[in-house]
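Working notes, structure below.
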2 protein chains.
Amino acid sequence: MISTKGRYGLRVMIDLAQNDNGSYIPLKDIADRQEISKKYLEIIVKQMVEGGLIKGLSGKGGGYKLVKKPEKYTVGEILTLLEGTICSVACLADKNYDCPRRKKCETLPMWKEFDGIVHDYLYSKKLSDLL
Amino acid sequence: MISTKGRYGLRVMIDLAQNDNGSYIPLKDIADRQEISKKYLEIIVKQMVEGGLIKGLSGKGGGYKLVKKPEKYTVGEILTLLEGTICSVACLADKNYDCPRRKKCETLPMWKEFDGIVHDYLYSKKLSDLL
DNA sequence: CCTATTTCCTACTGTGTCAATAGGTTTTTG
DNA sequence: CAAAAACCTATTGACACAGTAGGAAATAGG
């Protein structure tokens, strides 16, 4: 289940794309338009800056803006940054985890296939597809 | 993310299918084979009985068994029972929930499409496919 | 009838994440 | 210098997850 973090973050990205006029867009405007608490968005947006998805500028006239064109972002990369991982099952989420039942597990192949389908969908979907 | 409840429950179903000899299979045997705490499985299995997925018999010689042939179960129905709902986003999980942004939400169509893909995969997958 | 086996039932608990809220500091422009 | 904005740290209440614990009721075999 995708949490509000991922969902709100995606909406911020869409808002930034739709209201892009070359300059920085203040978070207050985004929060108002999207009807989301500005304080909560700060946490999310901070993560997006750290992850290199967007850039921020302090001070008057500051705000946030995209660093790439909307068609260069995939929904998958946005969600992965905010959700940590988009994995359907815990066994696949941590690549270093070596499950003792890996060899004989009857469900693992299915989870892998399922994960592939999810991954393919989300990484083929572009931010520009949502405008 | 599918929790242990759903994953363990699915493995119980597979175990019941694989070890079906007409009579009831004690939970202890399943727990031993699957290397899962019997106590924890009790909770999961209880839910599966209540949901009509399997039936249980108390007393000596008792245990659990499937009520249908493995090819008659879908992975989707098993997971839905145990996880409550298999929905990628909260807005779609509760059918009665009327989101105020429903009309103008740019992400809703994508979530619906995504949910459809997930749903299709899990409900087309049969328990018998995992044996 | 007794006993071993098994499900069935209620309750509890520690840990962690989610979804915010609160209050302040720093940066920048007009 | 003042307003506006990002930036930063901390806290909180609620809830779900992943079990654990202990016993009651049911049932079959001897």
Side-chain angles (χ1 to χ4, degrees), chain A residues 1-12 16 19 23-32 34-51 53-67 79 82-91 93-94, chain B residues 1-12 16 19 22-32 34-51 53-65 67 79 82-91 93-94:
Chain A
M1 181 102 85
I2 308 292
S3 71
T4 53
K5 235 175 184 171
R7 299 199 323 268
Y8 290 178
L10 190 56
R11 280 166 59 189
V12 168
L16 284 174
N19 297 284
S23 59
Y24 289 83
I25 297 167
L27 192 57
K28 180 171 191 320
D29 294 5
I30 301 173
D32 287 349
Q34 297 295 324
E35 297 166 285
I36 304 172
S37 146
K38 188 199 155 206
K39 272 293 182 190
Y40 187 39
L41 276 188
E42 279 184 8
I43 299 171
I44 295 166
V45 153
K46 185 194 171 192
Q47 235 182 101
M48 297 200 290
V49 170
E50 285 168 357
L53 236 45
I54 58 176
K55 56 179 174 179
L57 183 71
S58 288
K60 202 168 186 177
Y64 299 94
K65 63 156 46 174
L66 300 182
V67 296
L79 294 181
L82 293 166
E83 300 288 333
T85 176
I86 323 179
C87 240
S88 44
V89 290
C91 355
D94 182 4
Chain B
M1 180 102 86
I2 308 292
S3 71
T4 53
K5 236 176 184 171
R7 300 201 319 274
Y8 290 177
L10 190 55
R11 281 167 59 192
V12 167
L16 284 175
N19 297 283
S23 61
Y24 289 85
I25 297 166
L27 193 58
K28 182 171 190 317
D29 295 3
I30 301 173
D32 286 349
Q34 297 295 325
E35 297 166 285
I36 305 172
S37 147
K38 188 199 154 205
K39 270 296 183 190
Y40 187 38
L41 277 188
E42 280 184 7
I43 299 170
I44 295 166
V45 153
K46 184 193 172 193
Q47 236 183 100
M48 296 200 291
V49 171
E50 285 167 358
L53 237 45
I54 57 176
K55 55 180 173 178
L57 182 72
S58 288
K60 201 168 187 178
Y64 298 95
K65 61 156 47 175
V67 297
L79 293 180
L82 293 166
E83 300 288 332
T85 176
I86 324 178
C87 238
S88 44
V89 292
C91 356
D94 183 5

Could you write out each protein N or O paired with an N or O of nucleotides 9-18 of chain C at a distance under 3.5 Å?
unit_1 : atom_1 : unit_2  : atom_2 : d
C:dC9  : N4     : B:Glu42 : OE1    : 3.2

Each nucleotide N or O in nucleotides 28-30 of chain C that has a protein N or O under 3.5 Å away: list the pair and distance.
unit_1 : atom_1 : unit_2  : atom_2 : d
C:dT28 : O2     : A:Lys60 : N      : 3.1
C:dT29 : O4'    : A:Lys60 : O      : 3.4

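One atom, CD1 of A:Ile36, and another, C1' of C:dA19, lie 12 Å apart when rounded to the nearest Å. In this structure, CG of B:Leu41 is placed 13 Å from C1' of D:dT20, rounded to the nearest angstrom. Protein atom CD1 of B:Ile2 is 11 Å distant from nucleotide atom P of D:dA18, rounded to whole Å. Rounded to an integer number of Å, the gap from B:Ile25 CD1 to C:dT5 P is 19 Å. Straight-line distance from the CD1 atom of B:Ile44 to the C1' atom of C:dT7: 16 Å, rounded to whole Å. Between A:Ile30 atom CD1 and D:dA5 atom C1' the separation is 12 Å, expressed in whole Å. Atom-to-atom, NZ of B:Lys65 to P of C:dT7 comes out at 14 Å; the value is rounded to the nearest Å. Spacing between atom CZ of A:Arg7 and atom P of C:dA20 amounts to 9 Å, rounded to whole angstrom units.
B:Asn19 is linked by a side chain to side chain donor-acceptor pair (under 3.5 Å) to B:Asp15, counting only residues two or more places apart in sequence or in another chain. Not counting sequence neighbours, the partners of A:Asp32 by the side chain to side chain donor-acceptor pair (under 3.5 Å) test are A:Lys28. Every residue meeting the side chain to side chain donor-acceptor pair (under 3.5 Å) condition with B:Glu35, not counting sequence neighbours, appears here in chain and number order: A:Arg101. Residues forming a side-chain contact (heavy atoms from CB on, under 4.5 Å) with A:Lys39 (at least two apart in sequence, or on another chain): A:Ser37, A:Glu42. Here A:Lys55 pairs with nothing under the salt bridge (Lys or Arg N to Asp or Glu O under 4.0 Å) rule; sequence neighbours left out. Applying the side-chain contact (heavy atoms from CB on, under 4.5 Å) criterion to B:Thr85, with sequence neighbours excluded, gives B:Cys87, B:Ala93.
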Donor-acceptor pairs under 3.5 Å, side chain of residues 3-10 of chain B to any protein atom, not counting sequence neighbours: which ones?
unit_1 : atom_1 : unit_2  : atom_2 : d
B:Ser3 : OG     : B:Lys5  : N      : 3.4
B:Ser3 : OG     : B:Glu83 : OE1    : 3.3
B:Ser3 : OG     : B:Glu83 : OE2    : 2.9
B:Thr4 : OG1    : B:Tyr40 : OH     : 3.0
B:Arg7 : NH1    : B:Ile2  : O      : 3.2

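Between B:Tyr8 and D:dG19 there is a side-chain polar atom (N or O) within less than 4.0 angstrom of OP1 or OP2.
Between B:Leu16 and B:Tyr64, the closest heavy-atom pair is CD2-O, 3.4 Å. Annotation for A:Ile30 and A:Ile25: closest pair CG1-CG2, 3.9 Å, computed over non-hydrogen atoms.
When heavy atoms are screened at a 4.0 angstrom cut-off, A:Tyr24 is found touching no nucleic acid atom at all. Counting non-hydrogen atoms under 4.0 angstrom, B:Lys55 reaches nothing in the nucleic acid.
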